[in-house]
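Written below as structure tokens is the structure these notes are about.
Atoms within each ligand, like the ligands themselves, are counted from 1 in listed order. These numbers come from a predicted model, not from an experiment.
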Amino acid sequence: MTSENRSDLIPDTEKTNFIRDIINEDLRSGKYTKIITRFPPEPNGYLHIGHAKSICLNFGIAEDYKGVCHLRFDDTNPIKEEQEYIDSIKEDVRWLGFDWGEHEYYASEYFHTLHEWAIFLIKKGLAYVDDQTPEEIRINRGTLTEPGVNSPYRERSIEENLELFERMKNGEFAEEERVLRAKIDMASPNINMRDPIIYRILHAEHPRTGKEWCIYPMYDFTHGQSDAIEHITHSICTLEFENHRPLYDWFIEVLPVPAEPHQFEFARLNLTYTVMSKRKLLKLVKDKLVNGWDDPRMPTISGMRRRGYPPEAIRNFCDKIGVAKANSTVDFAMLESCIRDELNKTADRYMAVLDPLKVVITNYPENQEDWFDADMNPEDPNAGTRKVKFGKELYIDREDFMENPPKKYFRLAPGAEVRLKHAYYVTCTDVIKDAEGNITEIHCTYDPESKGGSSPDNRRVKGTIQWVNAKEAVTAQVNLYDKLFTEENPDRTDEGKTFIEYMNPDSLTVIKNAKLEPALKDIPNDKAVQFIRLGYFIKDKDSKENALIFNRTVGLKDSWAKIQNKN
Ligand code: ATP
Ligand code: MG
């Protein structure tokens with residue numbers, strides 16, 4: 001081992017956490033001269049925001065310390081794994097802004113080595129083939145308070161074990177007929193050490209190794225050894241693997257591995273109003289309770305991308321929540337606050353009306369055309385302006401008109417004057433209704449002196465509302481989203497309900513007839529925009545030129561800022 005001090009690799013950054021402290025120490029002491037981390041997903045589902053935390057941590061460290069981060073698929077369970085998941089994981093990591101370069105690995109590439117190491121254990125008398133049924137194995141494993149019971153097959157001879165393991169590999173037995181177990185200690189207080197299963201029979205085709213194998217290594221026999229094979233210096237994983245560490249260390253100690261990685265555990269991300277287990281997310285997809293893995297209400301990276309969350313905002317969020325050793329739950333409002341912060345800086349502004357109410361400007365000449373300059377983003381002086389065309393017939397949002405308004409209602413009402421954003425002051429003169437008494441349109445007069453929305457004679461109006469030109473506007477479907485669950489902790493079990501029963505029946509509102517500024521028709525699919533006063537939006541991937549669809553990413557109101565101000 002070298003003792004070269006590589007403190008020159010320690011980045012000058014405000015990001016600190018206990019893992020970075022350990023790495024800094026390992027570089028100063030010369031324990032390592034290059035940092036290698038990995039993000040190790042099992043390709044059995046799409047990535048979620050919890051994975052984003054792990055990705056930002058592992059790739060972020062590699063980036064900051066001029067090291068590398070491997071993308072390694074821990075693909076030990078062919079029954080649940082699919083190429084679709086592998087592809088989506090790669091797309092999501094890339095979209096988040098990280099690059100594994102040539103370091104794309106699969107635990108299945110190590111199946112031969114792992115198989116040799118299993119034989120190595122047998123030859124050392126440290127593994128045996130067990131003929132007990134799964135039920136017997138489970139019962140004989142003991143409990144948290146009682147030790148386990150040795151298997152009657154535990155003392156098989158090395159020769160018999162070698163022969164049986166070979167026959168397992170050759171497909172001579174049915175699934176669950178036999179397993180290979182490490183011979184450690186059935187009385188260990190740590191259940192993971194009670195002769196864990198390390199190989200099982202699965203007559204299943206693997207997405208990468210095909211029909212080559214009918215025995216597969218267990219995750220616990222694969223994960224740590226894969227880290228060793230890849231010379232990972234800091235194996236970072238979540239707290240639920242803390243109890244597995246003694247087992248991983250045991251394998252590393254007894255096997256002829258090329259390196260000795262050390263595992264560090266951190267707290268997984270939990271979010272209010274969100275489920276994060278892949279099993280539960282899969283159920284939502286399979287039972288069609290959402291529209292696929294990338295449904296914008298899903299906490300998946302692909303769902304968030306479709307919803308319009310910018311990757312910068314997700315990375316920022318992951319930096320903000322930090323890395324701790326104790327589990328906790330983060331307020332969903334904090335994630336939304338990070339989304340707003342980013343979009344406020346970057347999203348161009350447009351006008352849109354979700355529930356259109358026709359307005360006729362009665363004194364506006366038929367053939368007049370006014371083009372107004374509207375700023376693209378008041379937060380960004382370089383964003384420039386766009387032209388918006390005024391006209392005699394407009395739409396405003398039905399919410400912005402009241403026939404009998406209460407006091408302090410500053411929007412449009414009979415006799416009231418408001419500013420139409422960027423355009424003119426208008427005063428409501430008439431309300432037109434159909435036979436049933438529904439308001440069908442309203443009539444206004446405009447003040448030609450207020451051109452550009454400026455006050456003609458220091459006359460003040462309190463309300464400014466958005467509008468679109470009725471002739472020019474494009475019609476669109478707009479999807480408004482709310483939380484997928486009404487319960488802050490949908491995983492709770494104390495009420496005897498399943499998480500499905502906590503689903504929000506109103507998590508999606510589809511608006512069919514929104515009217516938008518015509519420029520929105522040509523907005524690229526990945527370009528977030530703000531609809532003034534309504535929130536941030538993004539074009540949906542199913543949007544077509546003649547059938548526009550926009551998703552609301554998040555509203556404008558910041559409930560997180562309110563929560564913080566209260567504290
Ligand atoms: P789930 O529990 O959602 O099914 P998993 O742990 O089985 O997830 P993996 O594909 O094994 O999913 O996860 C890959 C990596 O991401 C692991 O290192 C895991 O510790 C980490 N990870 C998973 N969920 C979270 C989370 N909520 N917060 C932080 N890291 C996570
Ligand atoms: Mg896992």
- Task: Calculate, to the nearest 0.5 Å, the distance between atoms CZ and CG belonging to Arg154 and Asp195 respectively.
- Result: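 Between atom CZ of Arg154 and atom CG of Asp195 there are 4.0 Å.
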Nearest non-hydrogen contact with [atom] belongs to which option: [options]?
| atom | options | result |
| --- | --- | --- |
| atom 27 (N) of ligand 1 | Asn270, Leu281, Asn44, Leu269 | Leu269 |
| atom 2 (O) of ligand 1 | Arg268, Lys280, His223 | Arg268 |
| atom 26 (C) of ligand 1 | Cys56, Gly50, Ser277, Ala52 | Gly50 |

Below the 3.5 angstrom mark, is there an N/O of [X], backbone or side chain, next to an N/O of ligand 1?
| X | value |
| --- | --- |
| Lys53 | no |
| Thr238 | yes |
| Ala267 | no |
| Met276 | yes |
| Lys278 | yes |

- Under the criterion side chain to side chain donor-acceptor pair (under 3.5 Å), which of Gln225, Glu230, Arg72, His115 is the partner of Tyr110?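 So the option named by the test is Glu230.
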- For a side chain to side chain donor-acceptor pair (under 3.5 Å) with Arg306, tell me which candidate from Asn551, Asn291, Asp540 qualifies.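 Only one option passes, and that is Asp540.
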Ligand-side contact atoms (ligand 1) for residue partner [X], heavy atom cut-off under 4.0 Å:
| X | answer |
| --- | --- |
| Phe39 | 14 (C), 15 (C), 16 (O) |
| Ser54 | 16 (O), 21 (C), 30 (N) |
| Pro40 | 14 (C), 18 (O) |
| His51 | 8 (O), 9 (P), 10 (O), 12 (O), 13 (O), 14 (C), 16 (O), 22 (N), 23 (C) |

- Should we count CD of Glu176 as having more than 12 external heavy atoms under 6.0 Å?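 Incorrect, the count does not exceed 12.
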- Item | Non-hydrogen atom of His48 closer than 4.0 Å to ligand 1 |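 His48: in contact with ligand 1 (<4.0 Å).
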- Message: Using side chain to side chain donor-acceptor pair (under 3.5 Å), reason through Tyr219 and Glu42 one step at a time and then give a plain yes or no.
- Response: CA-CA 9 Å; Tyr219 181 87; Glu42 294 170 70; 4.7 Å; no
- Message: Can you confirm whether the side chains of Asn5 and Ser7 place a donor and an acceptor under 3.5 Å from each other?
- Response: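 Distance-only check passes for Asn5 and Ser7.
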- Does the ring center of His48 lie less than 6.0 Å from the ring center of Tyr46?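 Between His48 and Tyr46, the centre distance exceeds or equals 6.0 Å.
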- Item | Arg305 vs Glu91, salt bridge (charged side-chain N to carboxylate O under 4.0 Å, His left out): CA-CA, chis, key distance, verdict | CA-CA 11 Å; Arg305 174 165 62 237; Glu91 184 182 2; 3.6 Å; yes
- Query: Going through the checks in order, is the side chain to side chain donor-acceptor pair (under 3.5 Å) test met by His51 and Asp92?
  - Reply: CA-CA 10 Å; His51 294 117; Asp92 289 349; over 6 Å; no
